[in-house]
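Okay, so here's the structure we're looking at.
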Amino acid sequence: MPRFLQSASSLSSCPPLAEKEIAFLGRSNAGKSTLINGLLGQRLAKVSSKPGHTTLLNFYVDEARGYRLVDLPGYGYARRAQSEVEKWTPFIEEYLSGRDKLVGFVLVMDSRRDWSDDETNLLGWMRSHRDLRGFLALTKFDKLNQKERHERQKYFAKVLGELRLGLVPCFVSGVDGEGLEELRRGMGKLLTGPPGCV
Ligand SMILES: Nc1nc2c(ncn2[C@@H]2O[C@H](COP(=O)(O)OP(=O)(O)OP(=O)(O)O)[C@@H](O)[C@H]2O)c(=O)[nH]1
Ligand SMILES: [Mg+2]
């Protein structure tokens with residue numbers, strides 16, 4: 001059974017290395033924790049209607065699938081005190097750039113939001129530090145009607161095509177489970193595939 005492993009507020013308080021790790025990052029309220037729960041098939045990660053809920057790195061392990069999912073605090077959340085934002089950043093950067101077993105990431109975005117400089121900067125930073133493969137999980141797809149779905153699919157295909165970041169898009173719903181099997185398959189490939197392709 002997937003289970004919660006531990007929280008960490010510094011690199012030294014992260015659990016000892018074991019399974020490969022996949023980091024979930026994205027703006028606060030994007031649906032990271034909900035998506036992790038959907039992928040694990042259990043409500044392990046805390047979901048809140050109040051953005052900025054996840055403040056530590058939270059490690060979940062799915063031993064059967066052979067990976068850990070790591071829930072990162074949301075970025076771009078203005079209501080939190082600036083000093084706290086500054087406190088998170090070095091640790092998150094340390095984790096993303098230096099964690100040995102980290103094999104890839106899932107950038108989580110609300111499918112109704114447009115791509116912004118925050119995402120571009122984040123990916124630019126990632127690329128400049130290490131060569132991790134990633135997926136773009138576009139959440140809350142259940143909230144869109146057929147026409148809106150089509151529009152958002154076209155929009156993200158265009159954005160990702162222009163950015164040429166090698167990011168694979170997956171439209172998902174952490175609530176009704178749509179798209180999760182596809183994302184799980186992709187995450188499985190992160191564990192075994194050669195670097196640089198998904
Ligand atoms: N309908 C729908 N609601 C979603 C989905 N994913 C997340 N939500 C809702 O969006 C809100 C935020 O979800 P969280 O999973 O807590 O978001 P988060 O990215 O973990 O947020 P932080 O921990 O604050 O960074 C909650 O009210 C969720 O119920 C989805 O796929 N569909
Ligand atoms: Mg969260």
Open item on the list: Hydrophobic cluster membership, with links at side-chain heavy-atom distances under 4.5 Å among I/L/V/M/F/W/Y: are Met126 and Trp115 in one?
Closed with: yes
Task: Side chains of Leu190 and Leu132 in contact at under 4.5 Å (non-hydrogen atoms) - done: no
Open item on the list: Test your reading of the model: is there a side-chain donor-acceptor pair from Arg127 to the backbone of Leu122, 3.5 Å cut-off?
Closed with: no
Open item on the list: Testing the basics here: between Ser116 and Arg27, what is the closest heavy-atom pair and its distance to 0.1 Å?
Closed with: OG-NH2, 3.2 Å
Open item on the list: Is a donor from one side chain sitting under 3.5 angstrom from an acceptor on the other, for Asp176 and Ser173?
Closed with: yes
Open item on the list: Using only atom types and a distance under 3.5 Å, with no angle test, would you say the side chain of Gln42 pairs donor to acceptor with the backbone of Pro2?
Closed with: yes
- [ ] Answer yes or no: is there an ion pair linking Glu162 with Lys158, defined by an N-O contact shorter than 4.0 Å?
- [x] yes
Open item on the list: If we count only N and O atoms by modelled type, under 3.5 Å, do the side chains of Thr139 and Asp110 hold a donor and an acceptor together?
Closed with: no
Open item on the list: With rounding to the nearest 0.5 angstrom, report the OH to NZ distance, Tyr67 to Lys20.
Closed with: 13.0 Å
TODO: Considering non-hydrogen atoms only, spot the tightest contact between Leu72 and Ala23 and give its length.
DONE: CD1-CB, 3.9 Å
Task: Spacing of SG belonging to Cys170 relative to CZ belonging to Arg185, to within rounding of 0.5 Å - done: 9.0 Å
Open item on the list: Please determine whether a side-chain nitrogen of the Lys or Arg among Lys154 and Glu151 lies less than 4.0 Å from a carboxylate oxygen of the Asp or Glu.
Closed with: no
Open item on the list: For a salt bridge (Lys or Arg N to Asp or Glu O under 4.0 Å) check, start with the C-alpha distance between Glu63 and Arg3, then their side-chain angles and the critical distance, and finish with the verdict.
Closed with: CA-CA 9 Å; Glu63 281 166 352; Arg3 63 194 161 87; 2.9 Å; yes
TODO: State the OG-CZ distance between Ser33 and Arg43, to the nearest 0.5 angstrom.
DONE: 12.5 Å
Task: Close side-chain approach of Val172 and Leu35, heavy atoms under 4.5 Å - done: yes
Open item on the list: With a 3.5 Å distance limit and no angle check, can you tell me whether Arg133 reaches the backbone of Val103 through a side-chain donor-acceptor pair?
Closed with: no
- [ ] Start with the C-alpha gap between Leu136 and Leu138, add the side-chain angles, then the distance that decides, and say whether side-chain contact (heavy atoms from CB on, under 4.5 Å) holds.
- [x] CA-CA 6 Å; Leu136 177 64; Leu138 295 153; 3.9 Å; yes
TODO: Give the C-alpha distance, both sets of side-chain angles, the deciding distance and a yes or no for side-chain contact (heavy atoms from CB on, under 4.5 Å) between Tyr60 and Asp71.
DONE: CA-CA 8 Å; Tyr60 302 88; Asp71 196 357; 4.0 Å; yes
Task: Donor-acceptor pair between Ser111 and Arg149 side chains, under 3.5 angstrom - done: no
Task: Closest non-hydrogen atom pair, Ala8 against Leu56 - done: O-CB, 3.5 Å
- [ ] Report yes or no: do Leu144 and Val175 belong to one cluster of Ile/Leu/Val/Met/Phe/Trp/Tyr joined by side chain heavy-atom distances under 4.5 Å?
- [x] no
Open item on the list: Hydrophobic clustering (ILVMFWY, side-chain heavy atoms < 4.5 Å, transitive) - are Val70 and Leu5 grouped together?
Closed with: yes
Task: Reported CG-to-CZ distance for the pair Leu96 and Phe91, which is rounded to 0.5 angstrom - done: 9.5 Å
TODO: Using a strict cut-off of less than 4.0 Å between a Lys/Arg side-chain nitrogen and an Asp/Glu carboxylate oxygen, indicate whether Arg113 and Glu119 qualify as a salt bridge.
DONE: no
Task: Step-by-step side-chain contact (heavy atoms from CB on, under 4.5 Å) determination, Ser97 to Trp125 - done: CA-CA 9 Å; Ser97 60; Trp125 184 90; 4.0 Å; yes
Task: Electrostatic pair Asp114-Arg152, nearest N-O below 4.0 angstrom - done: yes
Open item on the list: With a 4.5 Å cut-off on side-chain heavy atoms, are Phe24 and Asn58 touching?
Closed with: no
Task: Donor-acceptor contact present, side-chain Lys140 to main-chain Arg112, <3.5 Å - done: no
TODO: Can you tell me which residue pairs pass the ring-ring contact (aromatic ring centres under 6.0 Å, His included) test with a partner in residues 137-170, sequence neighbours excluded?
DONE: Phe141-Phe171
TODO: Indicate the atoms forming the closest heavy-atom contact of Leu57 with Pro73, along with that distance.
DONE: CD1-CD, 3.8 Å
TODO: State, to 0.1 Å, how close Met187 and Leu39 come at their nearest heavy-atom pair, and which atoms those are.
DONE: SD-CD1, 3.9 Å
Open item on the list: Hydrophobic clustering (ILVMFWY, side-chain heavy atoms < 4.5 Å, transitive) - are Leu17 and Phe59 grouped together?
Closed with: no
Task: Closest contact, heavy atoms only, Val106 versus Ala137 - done: CG1-CB, 3.6 Å
Task: Lys/Arg-Asp/Glu bridge criterion (N-O < 4.0 Å) met for Arg68, Asp62 - done: no
Open item on the list: Let me confirm one number: the OG-NZ distance from Ser7 to Lys46, rounded to the nearest 0.5 Å.
Closed with: 7.5 Å
Open item on the list: Any side-chain to backbone donor/acceptor pair from Glu182 onto Gly179? Under 3.5 Å, distance only.
Closed with: no
Task: Within one Ile-Leu-Val-Met-Phe-Trp-Tyr cluster: Leu40 and Leu191, side-chain cutoff 4.5 Å - done: yes
Task: Spatial distance of atom CG (Leu167) from atom CZ (Phe135) [nearest 0.5 Å] - done: 9.0 Å
Task: Electrostatic pair Arg99:Glu94 at N-O distance under 4.0 angstrom - done: no
- [ ] Given side-chain contact (heavy atoms from CB on, under 4.5 Å), test Leu44 with Asn37 step by step and report yes or no.
- [x] CA-CA 6 Å; Leu44 296 174; Asn37 286 338; 4.1 Å; yes
